[in-house]
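What you see is a predicted model; the values in this text were computed from it and never measured. Remember, it's 1-based here, ligands and their atoms both numbered in the order they're listed.
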Amino acid sequence: IVHMAQEIKDKSEKDYQEVYNAIAVKLREEDEFDGYIGYGPVLTRLAWHSSGTWDKNNNTGGSFGGTYQFQKESNDPSNKGLHNGAEFLAPIHKQFPWLSHGDLYTLGGVVAIQELQGPVIPWRPGRVDLPEDMTPDNGRLPDAVYGADYVRNFFKRLDLNDQEVVALMGAHCLGRTHLQNTGFDGPWGAASNTFTNEFFLNLLNENWKLEKNEAKNMQWNSPKGYMMLPTDHALIEDDKYMAYVKLYATNNDKFFEDFAKAFKKLLEGGITFPQSTPTYRFETLDSQGL
Ligand code: HEM
Ligand SMILES: CCOC(=O)c1cnc2ccccc2c1N
């Protein structure tokens with residue numbers, strides 16, 4: 001299967017910046033969601049989950065077709081809680097009906113990272129909605145209970161290497177686990193809505209203890225009230241991953257640079273863009289003085 005992005009001839013950078021701003025203003029205004037964490041983290045996870053179904057071996061799934069809009073995908077147990085992000089974006093789709101669902105879900109993640117003071121994520125439009133029968137099967141997203149070998153093997157399907165995997169996992173600086181969504185919980189003074197390299201500093205500096213949580217899942221907890229999933233902790237159990245954890249803990253610019261590249265690659269997996277498709281680097285509200 002080839003997913004050729006369509007050339008959007010009648011929309012300019014200004015039009016897409018207008019969509020960016022509409023999402024960003026709504027994000028700024030609706031700040032009370034999830035105990036004042038806001039919608040940034042769940043929008044980031046929605047962009048990742050709508051892209052993370054891709055299988056490079058047969059080019060099925062991925063962000064192109066916007067199939068998260070169909071219940072077969074949004075009801076995947078792996079997607080529990082993400083309806084909050086989709087409901088947040090629904091009015092944006094009404095306001096800009098010309099934007100495909102795939103472009104909407106991925107753009108939502110770009111706005112979230114940038115408005116939470118993360119790096120600029122270059123983004124290209126042209127994803128085309130696919131019919132419901134093209135929705136990938138459930139079960140393509142990763143479980144949290146396994147170790148480094150599982151993580152490495154899982155991300156091979158998304159064509160992502162060790163360095164890209166560690167950079168991407170840095171997005172776990174945002175938001176929190178919710179027991180009713182995934183069976184993981186956290187004593188949550190630590191939940192953050194600012195994009196930093198803190199995830200890597202925590203991994204290296206906290207005193208982690210493996211404990212069974214209220215849902216009978218094992219997770220790593222620290223006396224200061226932080227938590228890590230087993231797949232998070234795996235990054236300091238494996239020498240190759242550990243090297244990148246140390247790099248990003250000590251070099252925030254390098255983390256931002258590598259995260260931006262890897263997140264773009266994740267959001268574009270499986271898509272062929274025509275030469276003529278522009279790459280947009282959006283302004284944040286702050287940088288526009290808005
Ligand atoms: C091995 C790979 C991964 C696993 C097993 C994993 C697992 C999880 C789990 C269990 C949660 C808690 C969800 C909840 O309870 O509501 C979570 C949250 C989150 N994940 Fe991941 N994740 C992975 C990779 C990623 C990647 C690659 C990104 C983005 C680049 C990401 C972004 C997020 C964000 C932003 C949240 C917070 C969501 C919120 O606060 O509602 N994760 N993840
Ligand atoms: C920087 C403080 O946050 C963390 O160390 C951290 C670690 N793993 C997570 C895994 C899933 C969701 C949120 C997570 C999270 N917020």
Protein residue, atom and distance nearest to [atom], heavy-atom basis:
{"atom": "atom 39 (C) of ligand 1", "answer": "Arg176 O, 3.6 Å"}
{"atom": "atom 35 (C) of ligand 1", "answer": "Pro41 O, 3.3 Å"}
{"atom": "atom 16 (O) of ligand 1", "answer": "His178 ND1, 2.7 Å"}

Heavy-atom closest contact ([X] atom, [Y] atom, distance):
{"X": "Arg281", "Y": "Glu13", "value": "O-OE2, 4.1 Å"}
{"X": "Tyr241", "Y": "Asp162", "value": "CE2-OD1, 3.6 Å"}
{"X": "Lys80", "Y": "Asn181", "value": "CB-O, 3.5 Å"}
{"X": "Val166", "Y": "Phe200", "value": "O-CZ, 3.2 Å"}
{"X": "Tyr150", "Y": "Asp143", "value": "OH-N, 2.7 Å"}
{"X": "Thr53", "Y": "Leu141", "value": "N-CD2, 4.2 Å"}

State the atoms of ligand 1, each with its element, that fall below the 4.0 Å cut-off from a heavy-atom position in [X].
{"X": "Gly175", "value": "40 (O)"}
{"X": "Thr182", "value": "10 (C), 12 (C), 13 (C), 14 (C), 15 (O)"}
{"X": "Asn181", "value": "14 (C), 15 (O), 16 (O)"}
{"X": "Leu174", "value": "37 (C)"}
{"X": "Asp143", "value": "5 (C)"}

**Message:** Against ligand 1, does Pro142 come closer than 4.0 Å with any heavy atom?
**Reply:**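 Within the 4.0 Å threshold, so yes.
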**Prompt:** Centre of Trp98's six-membered ring, under 6.0 Å away, within 45 degrees of the axis: is that where NZ or CZ of Lys11 sits?
**Reply:**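 Checked: cation-pi criterion met.
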By number and element, which atoms of ligand 2 are closer than 4.0 Å to a non-hydrogen atom of [X]?
{"X": "Gly175", "answer": "13 (C), 16 (N)"}
{"X": "Thr177", "answer": "11 (C), 12 (C)"}
{"X": "Asp232", "answer": "7 (C), 8 (N), 9 (C), 10 (C)"}

**Any donor-acceptor pair under 3.5 Å from Asn217 side chain to Asn213 backbone** = no
**Asked** Is the backbone of Ile121 close enough, under 3.5 Å, to the side chain of Gln114 for a donor and an acceptor to pair up by distance?
**Response** yes
**Asked** Between Asp137 and Lys72, does at least one N-O distance fall below 4.0 Å, as a salt bridge requires?
**Response** yes
**Prompt:** Do Trp54 and Leu266 have side-chain heavy atoms sitting under 4.5 Å apart?
**Reply:**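 Heavy-atom side-chain distance check fails, nothing below 4.5 Å.
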**Fill in**
Interatomic distance, OG@Ser12 vs CD@Glu18, rounded to 0.5 Å, equals 9.0 Å
**Request:** Would you check the N or O atoms of Asn202, main chain and side chain alike, for any that come under 3.5 Å of an N or O of ligand 2?
**Result:** yes
**Prompt:** Can you find an N/O atom of Glu198 closer than 3.5 Å to an N/O atom of ligand 2?
**Reply:** no
**Complete:** Protein-derived N, O or S atoms sitting under 2.8 Å away from atom 21 (Fe) of ligand 1 total 1
**Message:** Which label fits Tyr105 and Tyr68: parallel for a plane angle under 30°, tilted from 30 to 60°, or perpendicular past 60°?
**Reply:** perpendicular
**Item:** Any residue meeting salt bridge (Lys or Arg N to Asp or Glu O under 4.0 Å) with Glu132, in chain and number order, not counting sequence neighbours
**Value:** none
**Message:** Residue-level breakdown please: for Thr177 versus ligand 1, do any non-hydrogen atoms fall below 4.0 Å on the side chain, on the backbone, on both, or on neither?
**Reply:**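 Under 4.0 Å from ligand 1, Thr177 contributes backbone and side-chain atoms.
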**Request:** Look at ligand 2 and say whether Thr196 reaches it with a heavy atom at a distance under 4.0 Å.
**Result:** no
